[in-house]
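Computation of the quantities below employed the complete heavy-atom set of this structure, encompassing side-chain atoms and omitting hydrogens, waters and symmetry-equivalent molecules.
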Amino acid sequence: MKHLHLLYTLLFGVAVVLFFGLAYPHHLHYQEQYQLFLFDCTYVWEIVKLPGGIADLLGRFCTQFFLFAWVGALIIGVLLSMVQLLTLRLVSWGRLYGLSFVPSFLLWLFLLDENALLGGVWAVLLTLLACWVFDKLSDGWMRRILLIVAVPLLYWMVGPLCVVFFLLQTLLKRNSKPQPKSTVWYFGVCVLLILMPILLSHSIPVPSDKLWFGIHYHRYPTEFPILLWAAALSVFILTIIVSAFRSNLKSQASNSKFQISNLLSFALVAVIMGFFVWKNSNFKAEKVMQYDFMACHQQWNRILETINTEKPNNQIGVTVQNLALAMHGMLTDHMFEYHQNGTLGLLPDVGTDAISPMPTAEAFYQLGMITIAQRTVFEAQEAILDFQKSARCYKRLAQTNLILGSYEVARKYLMALQKTLFYRDWANETLLLLGNEKAIDNHPEYGHLRQMTYKENFFFGDHVTSDMIQSLFFSNTSNRLAYEYLMADYMLTGDLENLANYVGWGKDLGYSTIPRHLQEALALKWSLGHAENEPLPAQVSPAIVQRFQQFFSYLNSPAMSDEGLAQNFGDTYWYYYLTSIKR
């Protein structure tokens, strides 16, 4: 029977690993990039000195491994399996064996939230571990004294979730005998639990409500982690239920019916809770995080493969899509084959949160708008809700300051990254570039971006205008990416006059022919206002002319429909102009 229980736990753990490794990997990447775990005594002390600090430290330590999704999935699988095994050890579950998986499933549901912190899972695990240890102690005065010591110690380690430890101590039976009634003793422990948050509220700079509900369980300071508390308290509630039906649950392990009932209870809980896990999974957010992750790691080829499989229709996805197309020199040839949402798909207005500005900042950086990228990344980091720093932001801020020649500021970020596990080597290599102008100028990335950046100061507002992109291009007319963005911006805003004026600059950037969408825009400009007998511009190819004629013929056809127009001409600039600018 013991081996069967281990098999069920193994099946559960494998399911968790496969879910986070295959279906939810970018939620793990998201968690990693919004923290900066440092192997530094000051950093560690700032965490552990607060209630729940030990659980939070363990959670942050594990989260740094989420840089590799499968490692993160394995860590979560092990933690949730350990919670289930500890729950199983606390009481004799009998035929209700499947209920021992409920707390772990609730923690799984809790982790579906990208802002749920792993420290909360560690808090539950450490609390159950303490219960298991105390379960091994014989009843007596020594155990009661240790209980008085354990409660404040556990409060410091895991935070207010330690109340579950106290509740279980008043309930669990030892050595098959009822625990002696010590009302006064447990009343004293209860008073201690109440006094600790009250006393600490006057001595540490933490909102008083966080001392009651937890400081490091959730990234949102005002969010009450209901599922985490439900998972912890479910152990106590299920223990009451099992204890109430104890006499009806006893059976011999060799009884085949008993083994079948164990299997059925496990399967029933697995199906029901698995349904809730899948139903509450935010796969739309996972897709957005995937685009952000690919842009962060400059996986342009993978982005193109992804958008060809499923075209993005959200702002971050479209921004990353257009950046990848531009990085391959394909934006003005293929952008209207995909969804566009105006200029917001190129360089969206920067929000005040920590998430949406990052793809825009990546576009700023690749274009050579280094100072704007630096400001955007810095403000995104300051918007992290639990006031942590970001390894991703630190790396980019070190790069932008290096390019701009602010070497001492870059050194500050690099010295911090030296204290990390996975960014240390990169920081050591980059430190060698500080002050070495020749090495920076010869660097394939930093030297190129230093040449592409603005040469003159100007006022930058929150909205990027065509003039800003035009100024960027004319500060270095070899900036092909800026040219692609400038032409795309003119098309998305319907500024065909400026497009026609500057389209000729492309011949000096390596274009063998004028990109397809630019030809379509030139043909459209000609149709909107041309002199009598004026031919189509010579830059427009015969194939584009022929399709342009088909487009107008279809528009004037009695059989014309919106569906047919989208099906036949949805990949053209003419369709976008007609449906998004003129309509």
- [ ] Working to the nearest 0.5 Å, report the span between CG of Asp489 and OG1 of Thr465.
- [x] 8.0 Å

- [ ] Hey, could you give me the CH2/OG distance between Trp574 and Ser527, rounded to the nearest 0.5 Å?
- [x] 9.5 Å

Open item on the list: Would you say the ring centers of Trp108 and Phe19 fall short of 6.0 Å from each other?
Closed with: yes

Task: Aromatic ring proximity Phe110/Tyr217, centre distance under 6.0 Å - done: no

- [ ] May I ask you to check whether Tyr423 and Tyr394 place their ring centres under 6.0 Å from each other?
- [x] no

- [ ] For this output row, return yes or no: ring centroids of His334 and Tyr338 closer than 6.0 angstrom.
- [x] no

Open item on the list: With a 6.0 Å cut-off on the ring centroids, do Tyr43 and Phe37 count as close?
Closed with: yes

- [ ] Determine, using ring centers only, whether Tyr30 and His27 are less than 6.0 Å apart.
- [x] no

Open item on the list: Under 6.0 Å from the ring centre and within 45 degrees of the ring axis: does the NZ or CZ of Arg392 meet both conditions for the six-membered ring of Tyr34?
Closed with: no

Open item on the list: Tell me if the centroids of the rings in Phe65 and Trp70 come within less than 6.0 Å of each other.
Closed with: no

Task: Interatomic spacing from OH in Tyr413 to NZ in Lys395 - rounded to 0.5 Å - done: 16.0 Å

Open item on the list: Could you check whether Glu429 pairs with Arg424 (Lys NZ or Arg NE/NH1/NH2 to Asp/Glu carboxylate O, under 4.0 Å)?
Closed with: no

Task: Near-ring test Phe422/Phe68, centroid separation under 6.0 angstrom - done: yes

- [ ] Indicate the ring-plane relationship of Phe283 and Tyr24, choosing parallel, tilted or perpendicular according to the 30° and 60° boundaries.
- [x] perpendicular

TODO: Taking only Lys NZ, Arg NE, NH1 and NH2, and the carboxylate oxygens of Asp or Glu, determine whether Arg411 and Glu408 approach each other closer than 4.0 Å.
DONE: yes

